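Worth saying up front: this structure is predicted, and the values here are computed from it rather than measured. Each chain gets a letter, A, B and so on, in the order the sequences are listed, and its residues count up from 1.
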2 protein chains.
Amino acid sequence: MDDALLDAEPASAGNIAARSDTATDPTTPVAPPPPAATAKAWETVLAHIEAQLAAGILSPGDRLPGERALATGLGVGRSSVREALRVLEVLGLIRTQTGSGPSSGAIIVARPSGGMSILMRLQVAAQGFAVADVVKTRLVLETAVARELAETRAHTAAARELLDAMGRGTLTDTEFLLLDAQFHLSLAEATGNDVLTATMAGLRSAIEAYVIDASAHVPDWPRTMRRLQQEHRDILAAIDAGRPGEAAERVAAHISGYYAETRITDAGHHHTSPTTSDRPPEMAPHSTLASHPALAHPTTT
Amino acid sequence: MDDALLDAEPASAGNIAARSDTATDPTTPVAPPPPAATAKAWETVLAHIEAQLAAGILSPGDRLPGERALATGLGVGRSSVREALRVLEVLGLIRTQTGSGPSSGAIIVARPSGGMSILMRLQVAAQGFAVADVVKTRLVLETAVARELAETRAHTAAARELLDAMGRGTLTDTEFLLLDAQFHLSLAEATGNDVLTATMAGLRSAIEAYVIDASAHVPDWPRTMRRLQQEHRDILAAIDAGRPGEAAERVAAHISGYYAETRITDAGHHHTSPTTSDRPPEMAPHSTLASHPALAHPTTT
DNA sequence: CTGATGATGTGGTCAGACCACATAAGTGTA
DNA sequence: TACACTTATGTGGTCTGACCACATCATCAG
């Protein structure tokens, strides 16, 4: 059955980004430059795998053929295969592992949160996304999440546990904000909507550095922390009580309140208010969070 | 000034995923295996570029050092550099071009829509995203878009032009749906929120194949097309008249109505209603759209 | 039956070599 | 001098071959 995974050009044709060069088949008369320029080798590989995913030939849990087999099967070099696999890995579609045995090689996983996070994080870093827009979008989504949870009386056990964890002991700002992120994410997860959950995870990840950095500038952090914690309790109470309108309002106030207090949305984009300071425009916070490797595939989802 | 772009370990330390091996600097005492296993070479490259983006050293329009320079500068092989650059390219952060001169090489662009699209499209293909969840999320976002546009009386000229284009002449289903997608996207763009716009583009792209496929099963397509077109006009009218509630309601009805009619949301995920047919579970539509290369970076944004 | 030991196959990485391409510099004319 | 042509030069794109570390599995001695 592995043969199907390597069929580059099935007789039925229609495969995207087929490579006519380097192919040993003399029947196809090269086809001058049909639509656009010739597809790049790594795009061929990516298209091939995407087609097999879309056709259901590959499903989560399945193993991809080895890099060498894919290369020879598609008529490309192994390095091109690797570039495509690297993309798939970062997007959260496959997981690679060295060694031998059933769990080695590239395996389909379909974990979108990691890819969403790195995408949004990098776009914010590269000034493609304004922090203010990230916050606004999060506001829209999380308000809808709270409303839906209240309407459906969804299970919020995970959120409550995180709420309790935030209440126990004295936490540093970073520790609290970590739990805070998990709390908000657990609300999204409670909807059962994976798209929503992954998007929320990405949005949060994109501005995480800014949030943490801003907490240092809050005058009375313990007081702010207590207020946020109380707001969390109120939100959860409104959800559990089945009051959609109140839940949505409280979420909106919670989010916009914090960002207004910390003025996070003032930083980090092209059209930024220039009145804040005279440093080189839009310096990013820290820029080096030790716990922030290039790929922080969150294990949350 | 290119020197800064190659500084792998600035004296201030703190760089993520620093590679102590192959480095010719004997000052750093190797640091056994600090947190986890050694970072992969391509992660080193990615982290290095991300750090420079976050620090503002790299901005849109800037050129990255050449692949060979980057490789020697970071002490990795060129293939590892390429894997990192490939990821950045797919995520819409850089654009590469062969040849010489100022427009060649890798250039920071920060175009998020393409990356968002391929991410969501692949996740749907790999069954990480349920089509129903994509539609639900789109419903939430686009409802908010319509409400905001009506509240702010935003400019909707682009949307109106597309509306007119959809009205002219007789269009095939595919042509109409293409304009339909652009119409909805233009609404998102009108908000000026790039995050929202990119997300909407990704969501649409993820289910585009399903939408087109489903249109073939609509019994009376010209009638459906006229109805959709009328709904478009009503939505735009509500927005231009500044009636947020009505605009939001009409958008919600428009979207959920179409997907209910075509039953698109019945297909394409793990927990799918098994009663529909007895084909191999969840066959994707077509799976090969000739106009659908692996990377369809939309030029819309 | 058990434990050590090698064979096998995986991804991860690097070095080197080409190619196609686009610009820039040089060269030759008119 | 001005213009056309030719030749470097440097870019990404690709392939090949070679290692390495690692994890499993088959083998074999005890």
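- One interatomic measurement links the two molecules: CG of A:Leu64 to P of C:dG11, which rounds to 9 Å at whole-angstrom precision.
- Evaluated for a side chain to side chain contact (heavy atoms under 4.5 Å, CB included) with B:Val81, the options B:Ile49, B:Val76, B:Leu64 yield exactly one hit, B:Val76.
- Atom CH2 in A:Trp42 sits roughly 9 Å away from atom P in D:dT14 (whole-Å rounding).
- A straight line from CD1 of A:Ile107 to P of D:dT24 spans 11 Å, rounded to a whole angstrom.
- B:Ser205 places no side-chain N or O within 3.5 Å of a backbone atom of B:Ala201 that could act as its donor or acceptor partner.
- Listed pair B:Ser80 / C:dC14 meets the phosphate criterion, a side-chain N or O lying under 4.0 Å from OP1 or OP2.
- Atom C1' of nucleotide C:dG11 and atom CG of A:Leu88 are separated by 15 Å, given to the nearest angstrom.
- Proximity of B:Leu91 to B:Leu119: side-chain heavy atoms (C-beta onward) are nowhere separated by under 4.5 Å.
- If you measure from atom CZ of A:Arg95 to atom P of D:dA23, you get 13 Å, rounded to the nearest angstrom.
- As a whole-Å value, the separation of A:Glu67 CD from D:dA18 C1' is 15 Å.
- At distances below 3.5 Å, at least one donor-acceptor pair connects side-chain atoms of B:Thr199 with backbone N or O atoms of B:Val195.
- Listed for the B:Asp194 side chain is no donor-acceptor partner under 3.5 Å among the backbone atoms of A:Phe129.
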Sugar-phosphate or base contact per nucleotide [nucleotides 20-26 of chain C; S, B, -; heavy atom under 4.0 Å]: -BBS---
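- What separates CD1 of B:Ile94 from P of D:dT11 is a distance of 15 Å, to the nearest Å.
- B:Arg63 has its CZ atom 7 Å from the P atom of D:dG12, to the nearest Å.
- Counting non-hydrogen atoms under 4.0 angstrom, A:Ser79 reaches a base of the nucleic acid.
- Between the side chain of A:Arg78 and the base of C:dG12, a donor-acceptor pair under 3.5 Å is found.
- B:Arg86 comes within 4.0 angstrom of sugar-phosphate atoms only, judged by non-hydrogen atoms across all strands, and of no base.
- Between B:Arg68 and D:dG10 there is no side-chain polar atom (N or O) within less than 4.0 angstrom of OP1 or OP2.
- For the OP1/OP2 pair of D:dG13 and a distance below 4.0 Å, the side-chain nitrogens and oxygens of B:Thr96 include at least one atom meeting the criterion.
- Using a cut-off of 4.0 Å between Lys/Arg side-chain N and Asp/Glu carboxylate O, B:Glu89 and B:Arg95 are scored as not salt-bridged.
- Between D:dG13 and B:Arg82, a contact under 4.0 Å exists linking OP1 or OP2 to a side-chain N or O.
- Under the 4.5 Å side-chain criterion, counting only non-hydrogen atoms from C-beta, B:Arg111 is not in contact with A:Gln123.
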